[in-house]
Amino acid sequence: MRTNETYTPDRLSGISAFVAAVDAGSFAGAAERLHLTRSAVAKRIGRLEMRLSVRLFHRTTRSQHLTDEGQTFYQRCTKVLAELSEAEDELSAGAQTPMGRLRVTMPVQLGRQCIAPVLLALAKSHAQLRLEMSFSDRRVDLVEEGYDLAVRSGRLDDTPGLKARSLVEQTMLLCASPAYLAEHGAPQTAADLAHHERLMYGRGGNLYSWPALPMAPEAAPRAPRFVLDDLVALVTAAEQGLGIACLPRWVAMQALNAGTLVHLLPQAYTPGTPLHLVWPDTRHPSPKLRAAIDALLHAVPARLGVQPPG
């Protein structure tokens, strides 16, 4: 590995031209972005390829696309340029003011109801902060897909290169409609649940099991008839009398207050589902990331109606 070379402005301009050409899809597009001629962009990239002794693009008269080496180099370069831009932002703002683009991914329903309002309020307070929020129940690769922060529900995998902090533990409630209870009766103990229809949350072929409430060994629960990957639809199914649902408190409260659902077995301890904040591990987290983490830690537990973790 070569460690004794200085990155001169010419070398950095070659990298910038290369990244711009990939992002724009052509040398001409890169030239327009960089306010250069197409010839100047081509020369900078040519010098970069000569210095690396690697061809970065496959070129024809009509198209260009990255070589395998070019794709690998592009991924590394975008990260380096993003860190340089972030460093400039921090220095220009005295490393205090949240600014620049903040990309956050979060579960759909939780994000809409509890996360997005907090981040939007943060952005309203900091005019130089730009937000990009993605609402998806898919567990994204933060580094590969370029996200600054993720809100994740459930158990965390031990993933190198990521840092995490516990946000809150969601309180889970067992709920059913008055009509269902009138027809099937209300369970009096956790063991009784084995005889009832369970409305299950599932995604990608995986069922998210209910909390481990004590059940009699001989009372194995029946296979679920209904599996849904949307919490709002799960509430609707429960309201229509199709079975018993295990729901986060923040999801169930509106229906409970309206009387369309009833809280079952309130005396039984129902272990919660943890929420975490996850972000790429960096030596110096940016002001925008620190501000977002602090805002979510402060505001989200109250929105969920639970106490923050100790």
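Keep in mind it's a predicted model, so treat the numbers as computed, not measured. All residue numbers refer to positions in the sequence shown, counting from 1.
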Main-chain N/O of V232 paired to T236 side chain as donor or acceptor, under 3.5 Å: yes
S153 and R139 have their tightest heavy-atom pair at O-NH2, 3.3 Å
Test salt bridge (Lys or Arg N to Asp or Glu O under 4.0 Å) applied to E49 and R59, step by step: CA-CA 13 Å; E49 289 178 320; R59 302 180 184 86; 3.1 Å; yes
When rounded to the nearest 0.5 Å, the distance separating CG of L199 from SG of C246 is 11.0 Å
Separation between CD (Q170) and CG (L110), nearest 0.5 Å, reads 6.0 Å
- prompt: Passes side-chain contact (heavy atoms from CB on, under 4.5 Å), R165 versus L297? Steps please.
  reply: CA-CA 9 Å; R165 180 162 178 180; L297 289 171; 3.3 Å; yes
Okay, side chain of D137, backbone of V108: is any donor-acceptor separation there less than 3.5 Å?
yes
On a heavy-atom basis, the closest approach of P98 and A291 is CG-CB, 3.5 Å
| Do any N or O atoms from the side chain of T105 and from the backbone of A150 form a donor-acceptor pair under 3.5 angstrom? | no
In the structure I gave you, are the side-chain heavy atoms of L193 and L174 within less than 4.5 Å of one another anywhere?
yes
- State, yes or no, whether a side-chain contact exists between W279 and L162 at a heavy-atom distance under 4.5 Å. no
Check: Hey, does L167 have a side-chain heavy atom less than 4.5 Å from the side chain of H276?
Finding: no
Worked check of side-chain contact (heavy atoms from CB on, under 4.5 Å) between Y74 and V19
CA-CA 6 Å; Y74 170 75; V19 170; 4.0 Å; yes
ask   = Do Q109 and W250 come close enough that some side-chain heavy atom pair is under 4.5 Å?
value = yes
ask   = Can you hop from V80 to L66 via hydrophobic side chains spaced under 4.5 Å?
value = yes
Rounded to the nearest 0.5 angstrom, the CE-CZ distance for M106 and R112 is 11.5 Å
Do R101 and E132 meet the salt-bridge criterion of a basic N to acidic O distance under 4.0 Å?
-> yes
### Query
Under the side-chain contact (heavy atoms from CB on, under 4.5 Å) criterion, do L234 and V251 qualify, and how do the steps go?
CA-CA 10 Å; L234 200 61; V251 174; over 6 Å; no
message = With side-chain hydrogen bond (donor to acceptor under 3.5 Å, both in side chains) as the criterion, how do S26 and Q64 come out once you've worked through the C-alpha distance, each side chain's angles and the decisive distance to 0.1 Å?
response = CA-CA 7 Å; S26 68; Q64 66 180 44; over 6 Å; no
So the ring-ring contact (aromatic ring centres under 6.0 Å, His included) pairs with at least one residue in residues 13-46 (sequence neighbours excluded) are F18-F57, F18-F73, F27-F57
Checklist entry - Applying the 4.5 Å side-chain criterion to the ILVMFWY set and letting contacts propagate, would V54 and I45 be lumped into a single cluster? => result yes
Checklist line | R152 side chain reached by L142 side chain, heavy atoms, under 4.5 Å | finding: yes
Check: Would T273 and M172 count as a side-chain contact (heavy atoms from CB on, under 4.5 Å) if you check the C-alpha gap in whole Å, the side-chain angles of each, and the deciding distance to 0.1 Å?
Finding: CA-CA 7 Å; T273 300; M172 307 299 291; 3.6 Å; yes
Nearest heavy-atom approach of R303 to C114 is CD-O, 3.4 Å
Practice prompt. Please answer: with hydrophobic residues joined when any side-chain heavy atoms are less than 4.5 Å apart, are Y147 and I115 in the same cluster?
Written response: no
*Are any of the side-chain heavy atoms of L149 and V278 separated by less than 4.5 Å?*
no
Exactly one of Q240, E239, H196 clears side-chain hydrogen bond (donor to acceptor under 3.5 Å, both in side chains) with Y180, and that residue is H196
* Asked: Hey, does the side chain of R198 reach the backbone of A245 with a donor-acceptor pair shorter than 3.5 angstrom?
  -> no
| Distance-only, no hydrogens or angles: does the N257 side chain make a donor-acceptor pair with backbone N or O of Q254 under 3.5 Å? | no
Got a donor-acceptor contact below 3.5 angstrom from the D281 side chain to the K163 backbone? no
NE2 of H263 to CG of L265, rounded to nearest 0.5 Å, is 7.5 Å
Is D68 close to T72 at the side-chain level, that is, under 4.5 Å between some pair of heavy atoms?
no
(Q) Closer than 4.0 angstrom, basic N to acidic O: yes or no for R138 and E145? (A) yes
CZ (R130) and CG (L102) are apart, to the nearest 0.5 Å, by 10.0 Å
* Do V140 and S134 have side chains that get closer than 4.5 Å, going by heavy atoms? -> no
